[in-house]
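Read through the structure below, which is laid out as structure tokens, and then see the notes.
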Protein chains: 2
Amino acid sequence: MDSVSVSSPQDGARLESRRTRILDAAEKLFAEHGYDGVTLRAIAREADVDVALANYHFGRKHELFEATFMRRAELLNRWRIRALDEAIASAAPEAPSVRAIMDAYLYPLLHGPHLSDPAWRSYYALVAYVNNSTEWGGKLMSRFFNPMVDRFIDALRKALPNAPEEALFWGYHCLSGALTLAFAQTGRLDKLSGGVCSSEDLEAAYTHIVAFVTAGFEQINLSVE
Amino acid sequence: MDSVSVSSPQDGARLESRRTRILDAAEKLFAEHGYDGVTLRAIAREADVDVALANYHFGRKHELFEATFMRRAELLNRWRIRALDEAIASAAPEAPSVRAIMDAYLYPLLHGPHLSDPAWRSYYALVAYVNNSTEWGGKLMSRFFNPMVDRFIDALRKALPNAPEEALFWGYHCLSGALTLAFAQTGRLDKLSGGVCSSEDLEAAYTHIVAFVTAGFEQINLSVE
DNA sequence: GCTAGGCTTCAACAATTGTTGAATGGGGCA
DNA sequence: TGCCCCATTCAACAATTGTTGAAGCCTAGC
């Protein structure tokens, strides 16, 4: 596929420009309002493009959505896998600690070129939307992310040899939920904390989530089953 | 308001029946497809009722949504507050433990009359949808749940005297996210675990989430800031 | 029995939806 | 120059959207 050109047009001048502009607009709007809350005309307006062009490039609406979702998913998977491999390598021959695994899972989200990139923030909100949606959202998540997640769970299994299988998966579920809500950036935390915390402060989110879920996972190993 | 009659019609025979049937249908469909994914006609069809009747009873579409959301929110708040008060009373004069607080927060969700009630499950999925939605969802959550959440955070503050404010709120954020995702019942965990876990097994969710987030909160108190 | 009034239905509205097929543009290649 | 192919625009489609106002039903009170 052509998802290589996430941030850089690749060939003929600006041949792709309209196409990627549509993707960018779709990413932003889908993240804000969900699939059904966005019309193709709104996307076209945001991208400053004719309505029919979205259909021409991506086919049906749900295909545009999937293309938007997929575009950065591969990047993310690659970065996470690499971080995990590095953690494994630097801990060898021991298994990496839970903390190191959590770092590998969360660090690439924030410490790339994209912490300051609003498009990536939109994408995270889009993932949050998909992860919590009941219908084909779950299938999308599984299709694109499960192989990567499997590797992380495998690492956790080695780091927590006493943990029952079930608890590992529920632990990941907690991690995923916490992450998802943080990335949805609903602004609810701001109001709840009276300004002490900011939903947009993903750096702080990273710090606190890592500490929280690390303890959550380590407890699994200790509890008597 | 009339949100007292959640599961039982109160007065004139079946005067409320069509009205509550609309609420029930809206609850189910909004939970499954989100706000924009549901049409008033679909709700009317599900409730076996004329289209115009929803407008007659609830006004505009977003007012129907809010009515649906609010109906059970008050119940839920009452149960949780009561559970928290009991935990405080039975621990007095000490502050209740983190574990006891988490129990008070989570127990009422599952151990009422409604673990087997599919309507309550729909409602939980609806809350999950609202909690993660970017637009007015956050405002709805804040409006209906924040006072109750404030009380729980206050209890946590006393149970974790060394915890910095910021960490308390981010901890709650993790808890809320984990809970939300579990209640969305996306079925993703089933596939990921290869059948070991079931998204529909809310009892198991309860057990694992309580253990996970209790450890997550307790770690806050230990870490040197 | 009659009437008032809330509940329910019917029919229709203007606006908007995703999608399409034909027409237009323009650049590369023969 | 002329031709072809790709990207883009234009105009329109049938279907569906939320919402409304007028008309019918049905029970409670007189």
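Letters go in sequence order (proteins before strands), and every chain restarts at 1.
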Separation of A:Arg19 atom CZ from D:dA7 atom C1', in whole Å?
12 Å
For residues 33-51 of chain A, which residue pairs pass the side-chain hydrogen bond (donor to acceptor under 3.5 Å, both in side chains) check, not counting sequence neighbours?
A:Lys28-A:Glu46
B:Leu53 CG to C:dT8 P, straight-line distance once rounded to whole Å
5 Å
Of the options B:Arg18, B:Arg71, B:Arg19, which is the one that meets B:Asp24 in a salt bridge (charged side-chain N to carboxylate O under 4.0 Å, His left out)?
B:Arg71
Please determine if A:Glu165 and A:Arg157 form a salt bridge, counting it only when a charged side-chain N lies under 4.0 Å from a carboxylate O.
yes
State which residues pass ring pair (Phe, Tyr, Trp, His ring centres under 6.0 Å) with B:Tyr107; sequence neighbours excluded, sorted by chain then number.
B:His111
Whether B:Arg18 contacts C:dT9 is assessed here as follows: a side-chain N or O lying under 4.0 Å from the phosphate OP1 or OP2. Is that the case?
yes
Produce the list of close N/O pairs, under 3.5 Å, pairing protein atoms with atoms of nucleotides 18-22 of chain D; give distances to one decimal.
unit_1: D:dG18; atom_1: OP1; unit_2: B:Lys61; atom_2: NZ; d: 3.1
unit_1: D:dG18; atom_1: OP2; unit_2: B:Leu40; atom_2: N; d: 3.1
unit_1: D:dG18; atom_1: N7; unit_2: B:Arg41; atom_2: NH1; d: 2.8
unit_1: D:dG18; atom_1: O6; unit_2: B:Arg41; atom_2: NH2; d: 3.2
unit_1: D:dT19; atom_1: OP1; unit_2: B:Arg60; atom_2: NE; d: 3.1
unit_1: D:dT19; atom_1: OP2; unit_2: B:Lys61; atom_2: N; d: 3.0
unit_1: D:dT19; atom_1: O3'; unit_2: B:Arg60; atom_2: NH2; d: 2.9
unit_1: D:dT20; atom_1: OP1; unit_2: B:Arg60; atom_2: NH2; d: 2.9

Rounded to the Å, how far apart are A:His57 NE2 and D:dA7 C1'?
6 Å
Quick one: sort the B:Phe69 and B:Phe65 rings into parallel, tilted or perpendicular, breaks at 30° and 60°.
parallel
With sequence neighbours left out, what residues match A:Phe169 under ring pair (Phe, Tyr, Trp, His ring centres under 6.0 Å)?
none
For the pair made of CG in B:Leu29 and P in D:dT17, what is the distance, rounded to whole Å?
12 Å
Salt bridge (Lys or Arg N to Asp or Glu O under 4.0 Å) contacts touching residues 141-152 of chain A (sequence neighbours left out)
A:Glu66-A:Arg143, A:Asp85-A:Arg151
Where along nucleotides 23-28 of chain C does protein come under 4.0 Å, by heavy atom, of base (B) or sugar-phosphate alone (S), with - for untouched nucleotides?
------
Under 3.5 Å donor-acceptor, B:Ser193 side chain and B:Cys197 backbone:
yes
